[in-house]
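Okay, structure first, notes after.
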Amino acid sequence: MPVACDPQEIFSHLVDNHPAMPIERNVDLSRFNTLGLPGRAAAYQKITAAAQLVAITSGDKRFVLGGGSNLVLGGDFDGLVLHVGIPGKRLLKGDSEAFYVAAGAGENWHDFVQWTLQQGWPGLENLSLIPGTVGAAPIQNIGAYGREVGDLLHSVSLWDFAKREFLTLDRKQCRLAYRDSVFKQEGWHLSGRMVITEVVFRLPRLWVAATGYGDVAQELAAQHVATPTAPDIAQAISALRQRKLPNPATIPNCGSFFHNPLVDPAAAARLRVACPTLPQYPQPDGRIKLAAGWLIEQAGWKGRRLGAVGMYEKQALVLVNHGGATTDDVQRTMAAVQADVVRRFGVQLTPEPVFL
Ligand code: EPU
């Protein structure tokens, strides 16, 4: 069971220092979602300290917003949007085996990763340049280039609106899986039941470079780096991402739009015969992960668009807003891509972002 902390003891002294931010009405959300979809929030409040959550007593409809980089906005939201901006990063302790580093949920993920590297605490380098906030990272167990945040997660602290207490979930209680966690499995992220306030990472002193992923090895070789340090890997991965993935500031998007589908071995074997070049990745549970980007490209969707929404020309897994898109436009392109992939390969793609 989650470990309960005493909010009185831990947080009451913070309340005076961090008065609640005002509730704003009819707030434009288009600037708070990287896909740039239109929508307004009936009410909006920025949260800059965990203690401010205790004062929120209304049972209103809520949505907890982080960086908005994995979100498909469904138009106007008639409840309260809590925008998590809790700052702070610090070393909690270092023992002979690891550094334990805590970060406020509102910290920018990439900035936090670079800060840990500057301090000499390697481990998170493969996750450089992933958009979003620290608090959102465990929700979908962000991952890239052979690492997932779950590999280095220690615990997650949160405010539970239903129990009205602060809780800390350890790594096991987070039930992390491929782009999945207890927060998604239980629907807590959508119902606004909980707000993640702080995340603690355990970064082992015994560092092993994760450069097995083909693209990373190639990039390092191209840069003539034979024995890479963690900052070298961060740099190579940042360069890779900048080349392959669209920058939301110029081409609005929310990263990979579909999961890489997991299929059973029989389906994988059938596809191996029909499509020998389809990348397949065996998983520990016996299932096979397929490259959704390959399936989408082969179904003719790389660089193709339906009105304002299309699949990116350099990475078919990323859905982009070419300007002025609505949620309906996104739904239409998503459904068309899914239908074509099913027709062509018999594989159902599921969307990765959260739909509000
Ligand atoms: N591929 C194609 N065509 C495409 C895109 C990909 O054929 O248009 C093929 C590639 O050639 C490669 C394979 O598909 O053989 C896998 O592609 P890639 O290495 O680019 O990774 P991905 O599976 O498309 C995943 C994550 C990304 C993460 C990268 C790198 C998911 C859903 N996506 O993408 O995460 O950055 O690996 O590790 O797991 C995100 O979640 O938002 C995200 C960007």
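Each residue takes its place number in the sequence, starting with 1. Because only heavy atoms are used, hydrogens play no part in the values below, and waters and symmetry mates are left out as well, while side chains stay in. Note that ligands are numbered from 1 as they come in the structure, with each ligand's atoms numbered from 1 the same way.
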Less than 6.0 angstrom from the centroid, inside 45 degrees of the normal: does [X] satisfy that with respect to the ring of [Y]?
{"X": "Lys93", "Y": "Tyr100", "result": "yes"}
{"X": "Arg202", "Y": "Phe99", "result": "no"}
{"X": "Arg40", "Y": "Phe77", "result": "no"}

Q. Any N/O of Cys254 closer than 3.5 Å to an N/O of ligand 1?
A.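 No, Cys254 has no N/O under 3.5 Å of an N/O on ligand 1.
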
Q.
Between ligand 1 and Tyr178, is the shortest N or O to N or O distance under 3.5 Å?
A.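 There is such a contact, yes.
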
[X] contact mode with ligand 1 (heavy-atom cut-off under 4.0 Å):
{"X": "Phe258", "result": "backbone"}
{"X": "Trp301", "result": "neither"}
{"X": "Gln315", "result": "both"}

Closest to [atom] (judged by heavy-atom distance), picking from [options]:
{"atom": "atom 36 (O) of ligand 1", "options": "Arg179, Arg241, Met311", "value": "Arg241"}
{"atom": "atom 33 (N) of ligand 1", "options": "Ser256, Pro279, Pro353, Ala291", "value": "Ser256"}
{"atom": "atom 18 (P) of ligand 1", "options": "Tyr213, Tyr281, Tyr312", "value": "Tyr213"}

Q) Within the structure, does at least one protein heavy atom fall under 4.0 Å of atom 11 (O) of ligand 1? A) no

Q) Can you check whether a protein heavy atom sits less than 4.0 angstrom from atom 27 (C) of ligand 1? A) yes

Q | Contact atoms of ligand 1, heavy-atom distance to Gly255 under 4.0 Å | A | 42 (O)

Looking only at protein heavy atoms, which one is nearest to [atom], and how far off is it?
{"atom": "atom 25 (C) of ligand 1", "value": "Asn260 ND2, 4.1 Å"}
{"atom": "atom 1 (N) of ligand 1", "value": "Trp294 N, 3.7 Å"}
{"atom": "atom 8 (O) of ligand 1", "value": "Ala316 N, 2.8 Å"}
{"atom": "atom 3 (N) of ligand 1", "value": "Glu297 OE1, 2.7 Å"}
{"atom": "atom 38 (O) of ligand 1", "value": "Tyr145 N, 2.5 Å"}
{"atom": "atom 34 (O) of ligand 1", "value": "Leu317 CD2, 4.0 Å"}

Q. What closest approach, in Å, do Ile86 and Ala50 show between heavy atoms, and which atom pair accounts for it?
A. CD1-N, 3.8 Å

Is any side-chain heavy atom of [X] less than 4.5 Å from a side-chain heavy atom of [Y]?
{"X": "Arg241", "Y": "Ile130", "answer": "yes"}
{"X": "Phe112", "Y": "Val101", "answer": "yes"}
{"X": "Phe345", "Y": "Trp294", "answer": "yes"}

Going by an N to O cut-off under 4.0 Å, is there a salt bridge joining [X] and [Y]?
{"X": "Glu313", "Y": "Arg304", "result": "no"}
{"X": "Arg90", "Y": "Glu198", "result": "yes"}
{"X": "Glu125", "Y": "Arg147", "result": "yes"}

Q | Lys244 to ligand 1, any heavy atom closer than 4.0 Å | A |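 It does; at least one heavy atom falls under 4.0 Å.
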
Q: Assert yes or no for the condition that the ring centre distance of Trp115 to Trp121 is strictly below 6.0 Å.
A: yes

